Amino acid sequence: MKKILSAGIIIFIGFSARAQSMGYQYKTALGVKFYPGAISIKSFIRSNKALEGLVYFYPDGVRFTGLYEIHGDINGAPGLKWYVGPGAHIGFWSDRWKRHYPYRDEGIAIGVDGVVGLDYKFKGAPINVSLDWQPSFNFVGYNYFEGGWGGLGIRYTF
């Protein structure tokens with residue numbers, strides 16, 4: 001009997017989560033972001049605040065970024081939200097990167113990030129897309145402003 005009850009609860013939770021992700025709102029989303037290429041997970045901790053984790057991969061290294069995002073509705077556009085917020089990153093660079101930039105110290109970069117963007121959740125489908133700009137400033141490894149981070153995100157919501 002306990003197994004049947006447990007299975008029933010799991011199925012109920014699964015259908016509830018799926019039904020929730022089919023509207024304009026979502027709790028968590030997992031997917032990819034393009035430029036330069038990242039795995040992205042975003043989870044709302046309140047109705048208008050989310051945490052996003054990114055792991056960027058490219059030929060010269062890897063970068064881990066965490067963002068705290070404040071979201072707001074856009075009137076007249078159900079499912080579309082703006083967002084803005086701070087964050088931080090740590091990147092590890094290969095010897096190939098060091099050969100391209102010999103004047104930069106170490107194979108590590110630590111810094112702060114900002115983000116501003118748009119987030120859209122499709123009604124009737126568990127899909128979320130975002131488009132953002134993520135400027136950053138490195139202060140460990142080398143001091144450098146980078147204005148080219150961000151991009152198009154496509155995620156599965158649940």
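In this text the structure is predicted, and so the values were computed from the model without any measurement. Count residues from 1 along the sequence. When reading the values below, keep in mind they use all heavy atoms of this one structure, side chains included, and skip hydrogens, waters and symmetry mates.
Put simply, I70 and L80 are part of two different groups of oily side chains (I, L, V, M, F, W, Y) that touch within less than 4.5 Å, one to the next. Criterion: ILVMFWY side-chain heavy atoms under 4.5 Å apart, direct or through other members. Under it, I41 and I45 are not part of a common hydrophobic cluster.
Counting heavy atoms from C-beta on, the side chains of D119 and Y26 come closer than 4.5 Å. Annotation: side chain of H71 is not in contact with side chain of R46 (no heavy-atom distance under 4.5 Å). Looking only at side-chain heavy atoms (C-beta outward), T65 and Q134 come within less than 4.5 Å of each other. For the pair Y68/L51, a side-chain contact is recorded, criterion being any heavy-atom separation below 4.5 Å from C-beta on. In this structure the side chain of T157 never reaches within 4.5 angstrom of the side chain of F122, judged on heavy atoms. Side-chain contact check for L131 versus Y120: every heavy-atom pair is 4.5 Å or farther apart.
Taken to the nearest 0.5 Å, the NZ atom of K123 stands 5.0 Å off from the OH atom of Y24. Of the inter-residue distances, the one linking T28 atom OG1 with N128 atom CG reads 11.0 Å to the nearest 0.5 angstrom. Note that CD1 of I127 is 11.5 Å distant from CZ of R155, once rounded to the nearest 0.5 Å. For the atom pair S40 OG and L30 CG, the distance stands at 7.5 Å (nearest 0.5 Å). Considering CG of L118 and CH2 of W82, their distance stands at 11.0 Å, rounded to 0.5 Å. Here the CG-CZ distance, from L54 to F64, works out to 11.5 Å after rounding to the nearest 0.5 Å.
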>> Between E52 and K33, is the side-chain contact (heavy atoms from CB on, under 4.5 Å) condition met? List the steps.
In response: CA-CA 11 Å; E52 183 175 5; K33 186 180 269 188; 3.8 Å; yes

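S136 meets the side chain to side chain contact (heavy atoms under 4.5 Å, CB included) test with R63, H89, D113, E146, W149; sequence neighbours excluded. With sequence neighbours excluded, the residues forming a side chain to side chain contact (heavy atoms under 4.5 Å, CB included) with P135 are W133, F145, listed by chain and number.
Residues G111 and F139 share a closest heavy-atom pair of CA-CE2, 3.3 Å. Contact between Y56 and A38 at its shortest, heavy atoms only, is CD2-CB, 3.4 Å. The two atoms that bring S94 and P59 nearest to each other are OG-O, 4.0 Å, heavy atoms only. What you find for W93 and A109 is that their closest heavy atoms are NE1-CB, 3.3 Å.
D132 contributes no side-chain N or O that, together with a main-chain N or O of V116, makes up a donor-acceptor pair within less than 3.5 Å.
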